[in-house]
Number of protein chains: 2
Amino acid sequence: MNFFKSCQSRNAADGQSSRAEKRELQTQRIMRAATACFVRSGFQGASIHDICREAEMSPGALYRYFPSKEAIIDAIVAEARKNDVEILTKMASCEDVVEGIVEAFYNHLRLTEETGLRPLFVEIRAEAMRNTAVRNTCRKNEDNVRASFRLYLEEAWRDGRIRPIVSLDAVVTVLMAVGEGLIMADLPGRELSAADIQKALRAKISAVVRPVEASHGTSSLCLDGTN
Amino acid sequence: MNFFKSCQSRNAADGQSSRAEKRELQTQRIMRAATACFVRSGFQGASIHDICREAEMSPGALYRYFPSKEAIIDAIVAEARKNDVEILTKMASCEDVVEGIVEAFYNHLRLTEETGLRPLFVEIRAEAMRNTAVRNTCRKNEDNVRASFRLYLEEAWRDGRIRPIVSLDAVVTVLMAVGEGLIMADLPGRELSAADIQKALRAKISAVVRPVEASHGTSSLCLDGTN
DNA sequence: CAAGTGAGAGCGAACGATCATTCGCAATGA
DNA sequence: TCATTGCGAATGATCGTTCGCTCTCACTTG
């Protein structure tokens, strides 16, 4: 009943926003503002008033959409890694395992940089160390990524495309450490070419995963100058 | 004149504490307490009152030793990575490059876990993303580690013990990303054997660095079961 | 050696600022 | 008409920091 009522209200090719749509829009507006503030000052450093100023909204209005600051943080943490999905499905469609992983890492790194979300990701990691709710959300995200990696490697292994060097779980663990580390590492000031980093990554990953037909894996990687 | 006077006071084989020694002791006591609080609640989450309670000291007393909370944070950040030095010198004395690096990483990981300082390290990384002073201190520490790695690899390269796959800078960058990533990664709940991780690391590092006499590097690494 | 002295150390109440959150009320619109 | 939304002043709590005070003790002085 209520369900039908709320659905029938405005559903045609209607540019205007229904009640629920507007609510969704405002919620997103708050989350976008909060994200900007958290990037700038961290979870504890950013105040509700900061977020309100950024969202051009009063505290009273904001609290109509989120019951607490914690809830805003939780929502943002839950949404933070939604881009991982497409990066991982793109990876899964790549036959060459080494190249697939390298590109996934690189896309992950590039997207993090482009969206300016790097400080947020690190902040989330820090918060996950003490806040149980955040930790659980992170863990869930991580489990998904982990499973994707594992499935990807497992299939390639069954097809005889790769020959893993240790247990798949160990491989995945170190792989994910590399991915996280690239985000944490203080690259921006370092002035290192993307190609160099990709090359180093490629070598590293092919080592732990060992493609059987080393068509370009081992042989074409050239030894380079000092700088 | 004044200098000599202040120096001559108590300098023999004197078990008692001079003025300066006591001051140093109290400073360390505050830093220890602050570290505990920061691990528990983060830099912004831990209050001066928390630190005072932990240090069993009044706010007034604490402010005799540090001019501000910021100063405490700065001091802790500057001291946080002092253990890196011995890990790196230990590494430098290891002829086998791959083994040296693997062991350095592993010691780093183990020490971080044993001291319970993992949340602090992540917190520092997050703070470094926005706080300039913290970032500069981190950068300085990082430059030291970076230089150590580079020197280590460079010497081994000159001696013909390794054959780097890309520019040394790229190798070092990815190496450090792995090190950082291992700390960030949510390992504790994962129940993965240390040996497995070491093995995966070993393969990864030997790939990017390529020991010329692959005495045990490439050949002895066995392919393992799924789990 | 005894008495005196002053800088350093410690305390904890108190400060103004800021925090997350609430509430009464006005405006909106289905 | 009434549930929803927005507002912004107000709330009590807590924040980092200060201040006036007492006490301690290494050193100077007589």
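Residue numbering restarts at 1 for every chain, and letters A, B, ... go by the order of the sequence lines.
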Check the distance between C/dC15's C1' and B/Y63's OH and give it to me in whole angstrom. 13 Å

A/I48, nearest nucleotide to its side chain (from C/dA9, C/dA20, C/dG29): C/dA20

Minimum-distance nucleotide (side-chain atoms of B/M57 versus D/dC7, C/dA9, C/dC11): C/dC11

What's the CG-P distance between A/L62 and D/dT4, to the nearest Å? 18 Å

The residue, B/S68 or B/R64, whose nearest nucleotide of DNA chain D is more 5′ is B/S68

Among D/dT4, C/dC19, D/dC15, the nucleotide that comes nearest once only the side chain of B/S47 is considered: D/dC15

Which part of the nucleic acid, if any, lies within contact of B/A46, taking any heavy atom under 4.0 Å across all strands shown: a base, the sugar-phosphate backbone alone, or nothing? sugar-phosphate

Would you mind classifying the nucleic acid contact of A/F66 as base, sugar-phosphate or nothing, using non-hydrogen atoms under 4.0 angstrom? nothing

Provide, to the nearest angstrom, the distance between the CG atom belonging to A/D50 and the P atom belonging to C/dC19. 6 Å

Residue-phosphate contact under 4.0 Å: A/S58 side-chain N/O, D/dG8 OP1/OP2: no

State which of D/dG8, D/dG16, C/dG10 makes the closest approach to the side chain of A/P59. D/dG8

With no hydrogens and no angle check, is any side-chain donor or acceptor of A/E154 less than 3.5 Å from a backbone partner on A/L168? no

For B/E21 and D/dA26, give me the distance from atom CD to atom P, rounded to whole Å. 12 Å

Protein-nucleotide distance (B/E70, atom CD; D/dC15, atom P), rounded to Å: 17 Å

Can the positive tip of B/R29 be found less than 6.0 Å from the middle of the six-membered ring of B/Y65, inside 45° of the ring normal? no

In whole angstrom, what separates B/Y65's OH from C/dC11's C1'? 13 Å

Are A/R146 and A/D143 close enough for a salt bridge, meaning some N to O gap below 4.0 Å? no

Kindly say if B/R19 contacts the phosphate of C/dG8, meaning a side-chain N or O under 4.0 Å from OP1 or OP2. no

Ignoring hydrogens and angles, state whether a donor on the side chain of A/R139 or A/N136 is under 3.5 Å from an acceptor on the partner side chain. no

Let's see if you can work this out: which of C/dA20, D/dT4, C/dG10 has an atom nearest to the side-chain heavy atoms of B/Q26? C/dG10

Evaluate whether atom CD of A/E56 has more than 12 neighbouring non-hydrogen atoms of other residues, nucleotides or ligands under 6.0 angstrom away. no

Counting the atoms with a prime plus P, OP1 and OP2 as sugar-phosphate, which does B/A20 contact under 4.0 Å by heavy atoms, base, sugar-phosphate, or nothing? nothing

Heavy atoms from C-beta onward define the side chain here; which of D/dC7, D/dT17, D/dT5 lies closest to that of B/H49? D/dT17

Distance, rounded to the nearest Å, where B/I30 contributes CD1 and C/dA9 contributes C1': 11 Å

Roughly, in whole Å, what's the span from CD in B/E24 to P in C/dG8? 17 Å

